[in-house]
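These values consider heavy atoms only, across backbone and side chains, with no hydrogens, waters or symmetry-generated copies. Since the structure is predicted, the reported quantities are computational estimates derived from the model, not experimental observations. The sequence lines fix the lettering, A, B, ..., with proteins before strands; numbering per chain opens at 1.
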Protein chains: 2
Amino acid sequence: MKRKITLKQIARELDVSISTVSKALRNSAEISEDTKQKVQAFAKLYNYRPNNIALSLKNRRTNTIGIIIPEIVHHFFSKVIRGVELVANKRGYNVIIGLSNESFSKEVINMEMLANGSIDGFILSMSKETLKLQDYHHFNETMTQGMPIVMFDRVVSDIKCDKVIVDDFNGAKKAVEKLIDNGCKSIALITTKDYVSVGKLRTQGYLEALEEHKIAPKAELILKIDDSLDYEVHLEALEKEIEQLFKLNSAIDGVFAVNELYALCAMKVARKLGLEIPGDVQVIGFTDGVLSKHATPSLSTVSQHAQDMGEKAADLLIDKLESEFTTHEEEFQIVVIPTELIERESTK
Amino acid sequence: MKRKITLKQIARELDVSISTVSKALRNSAEISEDTKQKVQAFAKLYNYRPNNIALSLKNRRTNTIGIIIPEIVHHFFSKVIRGVELVANKRGYNVIIGLSNESFSKEVINMEMLANGSIDGFILSMSKETLKLQDYHHFNETMTQGMPIVMFDRVVSDIKCDKVIVDDFNGAKKAVEKLIDNGCKSIALITTKDYVSVGKLRTQGYLEALEEHKIAPKAELILKIDDSLDYEVHLEALEKEIEQLFKLNSAIDGVFAVNELYALCAMKVARKLGLEIPGDVQVIGFTDGVLSKHATPSLSTVSQHAQDMGEKAADLLIDKLESEFTTHEEEFQIVVIPTELIERESTK
DNA sequence: GAAAGTCACGAAAACGTTTTCGTGTTAAAA
DNA sequence: TTTTAACACGAAAACGTTTTCGTGACTTTC
């Protein structure tokens with residue numbers, strides 16, 4: 001159980017100074033070839049690696065980025081992480097994660113825990129509770145202390161920082177247009193309450209698509225789910241709501257849902273009511289999760305390119321970190337990731 | 001863009017020494033009440049927080065644990081992470097992640113990157129490539145340097161460390177017994193090649209269950225999939241193989257699959273061939289992913305309690321870290337997480 | 001009034017690096 | 001032979017903490 005070897009130990013062993021060892025290992029011209037060889041051989045033998053913590057302290061940068069997300073057991077977020085990790089690793093950074101579990105206080109605590117030197121910058125997506133409370137002090141404080149933040153997906157315009165967002169509006173619009181093109185006359189929308197920014201934007205896309213095709217939106221075709229309940233658990237409640245929707249509007253021949261689960265539920269309910277998919281009802285969801293792909297019939301969806309988002313966010317953050325001393329212009333970017341309509345069996 | 005405040009700055013501002021500030025903030029009896037109040041008030045005003053990196057260097061522990069997994073876009077692994085994060089956070093630790101992407105070299109690189117001081121210990125699950133190559137030097141080297149490792153799920157007996165594993169054998173056995181109890185006479189097994197330890201154990205469970213019920217196993221009912229191909233992509237290939245299985249063995253009335261995707265595929269193929277589920281064929285999968293729950297018909301599965309695994313692994317690791325100076329007995333634990341058969345619509 | 005004790009604080013080392021600057025030795029130039 | 005330059009290395013500071021030990025100024029005790 002020997003500890004890792006340090007410069008000091010090498011120095012003592014070889015009877016030279018610590019500085020000499022350090023320089024020899026970094027191939028400094030100050031050191032003679034003889035000494036270099038001797039030191040490097042010894043270091044290799046004992047598998048010397050500089051201590052990251054000491055380096056971090058000296059350089060005042062950790063080469064680590066923190067990512068705070070509401071939930072990790074979720075395809076969208078885990079794909080984002082994959083993207084972040086990919087780029088971070090390629091550029092020599094580590095990734096440390098914090099889960100807010102959709103809670104404001106856990107988000108704050110997690111950020112404070114990491115902001116005290118553990119990381120160089122944040123990539124984060126806000127918790128639902130934070131969105132509801134509209135309390136953004138922890139973000140602003142972090143940034144005034146010189147730690148950059150890149151937000152993704154769930155963002156608000158009040159916060160001045162780089163952002164990576166999905167083109168929710170156009171994604172939704174195109175999906176609904178597709179349904180219209182495919183002959184749907186009565187298209188239902190299953191969405192969330194408005195405080196979740198993405199839900200709002202997708203709803204707007206839905207409305208815009210209808211309007212452009214001279215279809216009057218009907219309030220009774222729009223179902224707003226209260227997603228503060230965990231529908232992974234309360235599945236039946238969700239199904240009941242959707243069943244009501246279908247029963248009260250027998251003309252429905254198309255459904256656009258703002259996420260995968262709602263869409264799947266809609267398909268299930270529709271079939272239960274004797275409707276054929278895509279014959280009688282066509283369905284499009286939002287997200288590129290695994291459910292859509294493996295459902296029967298497989299579900300047409302608006303793909304968000306979650307991994308691209310993660311990659312882009314990581315690039316933005318690292319760019320900022322590494323240019324911090326060259327330019328001090330506080331110009332914040334908003335990168336919009338285009339969506340893609342993936343047509344599967346649930347549409348004609 | 002002011003930096004975070006340090007002890008030194010407080011000391012200069014208040015015209016006392018750094019030691020005094022440090023002691024005052026930690027409420028040392030050495031310091032007079034007056035001075036304490038003054039220092040504490042000032043620190044609060046400027047929101048002083050000790051720098052984690054400096055603490056890590058001084059204490060030679062980072063209070064961070066590293067987790068290395070093959071893939072994050074995967075329900076099982078993300079649930080494990082959730083469990084790890086939960087416990088880690090509760091006990092004052094951070095979590096840093098590394099993805100091996102099922103590659104040996106990425107696993108090695110990732111571990112080396114973290115082992116140089118960034119973390120206090122590892123929680124990991126081996127990549128498929130590592131399992132194939134049977135090269136475990138990086139694990140052993142890490143451990144000889146005094147850094148503890150806890151392995152989960154994909155483990156090998158050659159490595160001496162704490163382990164948390166799923167009771168694959170009994171889980172599989174019970175599942176197959178359930179099928180037998182439900183009247184199945186000809187039960188197919190869809191599994192992976194043997195080098196993945198968990199696949200092997202589940203296969204053994206299947207065989208044992210048959211044997212105990214005096215059913216002779218038939219080689220033609222066992223389909224071994226080469227999972228080095230990514231079947232998320234090559235879905236049709238997988239379906240073809242399974243279709244062959246059904247066509248060559250029309251007597252099949254039960255299927256046990258070692259993962260969710262294989263099971264889902266089996267259901268899809270069976271229905272395509274005109275078989276009813278669970279009327280003609282009953283199916284049980286392995287894992288507690290989201291697909292099983294939301295498939296139609298929903299899939300009966302053996303749940304692995306992934307989050308429990310993560311929690312247990314984290315507790316094991318932290319226990320070891322925090323007792324490192326009391327006991328030096330190298331006793332390694334193997335914790336077996338029991339499985340649970342979740343019956344849904346794909347069984348009678 | 002001297003010896004002993006208490007109080008409140010500061011100096012310095014340590015954790016493991018990197019880097020600047022200084023210095024002694026030797027070789028080349030004057 | 002003396003001056004200069006090149007060479008090879010070491011001392012020390014710095015990053016931000018915590019902690020041990022030392023010390024000066026009082027207060028108490030005989």
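- For the atom pair Ile31(B) CD1 and Ser19(B) OG, the distance stands at 8.0 Å (nearest 0.5 Å).
- Remark: Arg49(B) is not in phosphate contact with dG16(D), judged by side-chain N or O atoms under 4.0 Å from OP1 or OP2.
- Set against dG16(C), dT18(D), dG10(D), the side chain of Leu55(B) has dT18(D) as its closest nucleotide.
- Across the protein-nucleic acid pair, Asp34(A) atom CG and dC7(D) atom C1' stand 13 Å apart, rounded to whole Å.
- Residue Arg60(B) contributes atom CZ, which lies 9 Å from atom C1' of dA14(C) at whole-angstrom precision.
- Within 3.5 Å, a donor on the side chain of Lys23(A) pairs with an acceptor on the base of dG10(D), or the reverse.
- Look at Ser22(B) and you'll find a side-chain N or O under 4.0 angstrom from OP1 or OP2 of dT18(D).
- The nearest whole Å value for the distance from the CD1 atom in Ile31(A) to the P atom in dA6(D) is 18 Å.
- Along DNA chain D, the nucleotide closest to Lys36(A) and the one closest to Ile5(B) are compared, and the more 5′ of them pairs with Lys36(A).
- Residue Ser17(B) places no side-chain atom within donor-acceptor reach of the base of dA11(C), judged by atom type and a 3.5 Å distance cut-off alone.
- Pairing each heavy atom of Thr144(B) with each of Glu141(B), the nearest pair is OG1-O, 2.8 Å.
- When the nearest nucleotides of DNA chain C are assigned to Ala54(B) and Ile18(B) by heavy-atom distance, the more 5′-ward of the two goes with Ile18(B).
- In this entry the distance linking NZ of Lys8(B) with C1' of dG16(D) reads 8 Å, nearest Å.
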Could you go through the side chain to side chain donor-acceptor pair (under 3.5 Å) check for Arg91(A) and Asn89(A) one step at a time? CA-CA 5 Å; Arg91(A) 299 183 68 170; Asn89(A) 241 325; over 6 Å; no
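- Between Asn52(B) atom CG and dG16(D) atom P there is a gap of 13 Å when expressed in whole angstrom units.
- A straight line from CG of Asn116(B) to C1' of dC15(C) spans 16 Å, rounded to a whole angstrom.
- The side chain of Glu30(B) approaches dC21(D) more closely than any other nucleotide in the set dC21(C), dT17(C), dC21(D).
- Between Lys128(A) and Glu71(A) there is no salt bridge, since no side-chain nitrogen of the basic residue lies less than 4.0 Å from a carboxylate oxygen of the acidic one.
- One interatomic measurement links the two molecules: NZ of Lys4(A) to P of dT17(C), which rounds to 9 Å at whole-angstrom precision.
- Listed here is the closest heavy atom pair of Lys23(B) and Glu30(B): NZ-OE1, 3.4 Å.
- The residue among Gln9(A) and Ser32(B) whose nearest nucleotide of DNA chain C lies closer to the 5′ end is Ser32(B).
- Here the nucleotide nearest the side chain of Leu7(A), chosen from dG10(D), dT17(C), dT19(D), is dT17(C).
- If you check dT17(C), dC9(D), dC15(C) against the side chain of Lys58(B), the one that comes closest is dC15(C).
- A salt bridge does not link Lys132(A) with Glu129(A): none of the charged nitrogens is closer than 4.0 Å to a carboxylate oxygen.
- The nearest whole Å value for the distance from the CG atom in Asn59(B) to the C1' atom in dT17(D) is 8 Å.
- Thr35(B) comes within 4.0 angstrom of sugar-phosphate atoms only, judged by non-hydrogen atoms across all strands, and of no base.
- Ranking dG10(D), dG16(C), dT17(D) by closeness to the Thr20(A) side chain, first place goes to dG10(D).
- Of the candidate nucleotides dA11(D), dC9(D), dC15(D), dA11(D) has the atom nearest to the side chain of Ser19(A).
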